[in-house]
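Taking it in order: structure first as structure tokens, then the write-up.
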Amino acid sequence: MRNTFFKTLAKSMRGKNHHPVATKAVYAFCVGLSALVFLGCATEAQVRYTIPASEEIREKAVTATRKYLGMPYGWGGQSWWDEADGSIDCSGLVVNVYKEALQASGFSLLFDDTTAAMLAKAYTQRLRFPEPGDLIFMGDDPPHISHVAICLEDDDASYSFIDAYSVDGIVEQRSYAKDNPKIICFGRIFVSPTR
């Protein structure tokens with residue numbers, strides 16, 4: 001399992017899109033976990049490996065996100081797209097679409113419920129630029145993160161995304177200019193092999 005994990009990690013971290021500090025931190029973390037297992041301080045069963053979501057998983061997340069378009073916003077909501085009278089908030093949307101995207105993939109999320117700020121702090125790899133399916137973290141009072149959206153496209157002038165937005169009261173597709181001060185950072189969600 002360890003060899004597969006490190007091969008997948010190395011493959012997922014290729015390219016120039018990863019924040020250099022985050023890349024080094026993930027590598028150091030993995031080396032540290034391997035040392036704990038090797039020295040007998042922890043078993044592989046005690047260590048939960050994580051890797052950034054693959055392009056295939058992120059594409060499935062984008063497809064799943066579109067099913068929620070038009071669903072009412074509800075603070076703390078985490079209803080599924082096909083639930084009558086359901087509602088969802090921004091982090092609930094991320095959780096649900098990634099749970100759907102991860103079905104039958106051999107991976108799972110590290111959490112069942114979270115906030116936009118915790119997603120940015122603990123459950124994503126920082127990126128310089130988002131790709132489809134990556135997360136766009138926002139806030140009205142930077143650097144405080146209070147909102148998260150799922151990236152659809154990064155074009156020359158703007159980021160297109162889908163989010164559950166309290167002001168408009170629904171899940172919708174929107175875009176912000178790249179220099180919009182509400183945009184704080186970008187992240188790629190971590191996933192873990194299921195056991």
Side-chain angles (χ1 to χ4, degrees), residues 19 22 48 50-53 57-103 105 107-155 158-192 194:
H19 194 280
R48 187 150 189 204
T50 61
I51 59 169
I57 290 170
R58 294 191 321 270
E59 287 173 359
K60 289 180 179 180
V62 168
T63 299
T65 305
R66 294 184 189 283
K67 296 176 185 179
Y68 287 84
L69 289 169
M71 178 179 255
Y73 174 88
W75 186 83
Q78 199 171 336
S79 302
W80 293 100
W81 63 272
D82 58 351
E83 287 182 40
D85 301 322
S87 66
I88 200 159
D89 68 8
C90 63
S91 58
L93 180 65
V94 170
V95 171
N96 283 7
V97 301
Y98 269 95
K99 279 184 177 180
E100 184 172 333
L102 291 167
Q103 289 177 357
S105 71
F107 292 91
S108 64
L109 291 177
L110 303 170
F111 51 86
D112 288 320
D113 191 18
T114 190
T115 64
M118 280 306 295
L119 275 167
K121 182 178 179 179
Y123 300 122
T124 57
Q125 176 185 22
R126 290 284 173 105
L127 302 172
R128 290 183 182 158
F129 310 104
E131 295 177 6
D134 287 329
L135 305 181
I136 302 174
F137 296 103
M138 305 175 212
D140 291 323
D141 184 24
H144 303 289
I145 294 169
S146 59
H147 188 64
V148 61
I150 298 167
C151 181
L152 298 178
E153 184 180 11
D154 171 1
D155 66 26
S158 64
Y159 300 109
S160 174
F161 53 87
I162 293 177
D163 64 345
Y165 190 47
S166 62
V167 173
D168 294 341
I170 61 169
V171 176
E172 62 184 341
Q173 182 173 334
R174 304 186 299 139
S175 63
Y176 277 168
K178 288 190 170 183
D179 62 355
N180 189 310
K182 290 185 178 188
I183 298 173
I184 297 172
C185 61
F186 312 106
R188 180 158 299 155
I189 202 159
F190 285 125
V191 297
S192 178
T194 53

Nearest-0.5 Å distance that lies between atom [atom1] in [X] and atom [atom2] in [Y]:
X: Q125; Y: F186; atom1: CD; atom2: CZ; answer: 14.5 Å
X: I136; Y: I184; atom1: CD1; atom2: CD1; answer: 12.0 Å
X: T114; Y: K121; atom1: OG1; atom2: NZ; answer: 11.0 Å
X: I145; Y: S91; atom1: CD1; atom2: OG; answer: 12.5 Å
X: L93; Y: I150; atom1: CG; atom2: CD1; answer: 4.5 Å
X: I57; Y: I189; atom1: CD1; atom2: CD1; answer: 10.0 Å

Can you confirm whether [X] sits close enough to [Y] that some side-chain heavy atom of one is under 4.5 Å from a side-chain heavy atom of the other?
X: L152; Y: R66; answer: yes
X: D140; Y: K182; answer: yes
X: V191; Y: T50; answer: no

So, [X] side chain and [Y] main chain: donor-acceptor pair closer than 3.5 Å or not?
X: D154; Y: E131; value: no
X: D163; Y: Y165; value: no
X: S175; Y: S160; value: no
X: S87; Y: P72; value: no

Quiz prompt | Charged N-O contact under 4.0 Å between D82 and K67 | solution = no
Quiz item: Taking everything shown except D155 itself, do over 12 heavy atoms lie less than 6.0 Å from its CG?
Solution: yes
Practice problem: Determine whether more than 12 heavy atoms belonging to other residues, nucleotides or ligands lie under 6.0 Å from atom NZ of K178. | Solution: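 Count over threshold, so yes.
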Contact summary for [X] and [Y], nearest pair of heavy atoms:
X: D89; Y: W75; answer: OD2-C, 4.0 Å
X: S146; Y: G139; answer: OG-CA, 3.5 Å
X: C185; Y: R126; answer: SG-CZ, 3.6 Å
X: Y68; Y: W81; answer: CE2-N, 3.3 Å
X: V95; Y: D113; answer: CG2-CA, 4.5 Å
X: S79; Y: G86; answer: OG-CA, 3.3 Å

Exercise. Show the numbers, then the answer: is there a side-chain contact (heavy atoms from CB on, under 4.5 Å) between K60 and Q103?
Key: CA-CA 10 Å; K60 289 180 179 180; Q103 289 177 357; over 6 Å; no
Self-check item: Stepwise side-chain contact (heavy atoms from CB on, under 4.5 Å) check, T124 with D134
Solution: CA-CA 9 Å; T124 57; D134 287 329; over 6 Å; no
Self-check item: Criterion ring pair (Phe, Tyr, Trp, His ring centres under 6.0 Å) against Y123, the qualifying member of F111, F190, F137
Solution: F111
Practice problem: Decide side-chain contact (heavy atoms from CB on, under 4.5 Å) for D168 and Y73; before the verdict, give the C-alpha distance in whole Å, the side-chain angles of both, and the deciding distance to 0.1 Å. | Solution: CA-CA 8 Å; D168 294 341; Y73 174 88; over 6 Å; no
Exercise. Verify side-chain contact (heavy atoms from CB on, under 4.5 Å) between I170 and M71, making sure each step is shown before the conclusion.
Key: CA-CA 5 Å; I170 61 169; M71 178 179 255; over 6 Å; no
Practice problem: Give me the ring orientation class for Y176 and F161: parallel if the planes are under 30° apart, tilted from 30 to 60°, perpendicular past 60°. | Solution: perpendicular
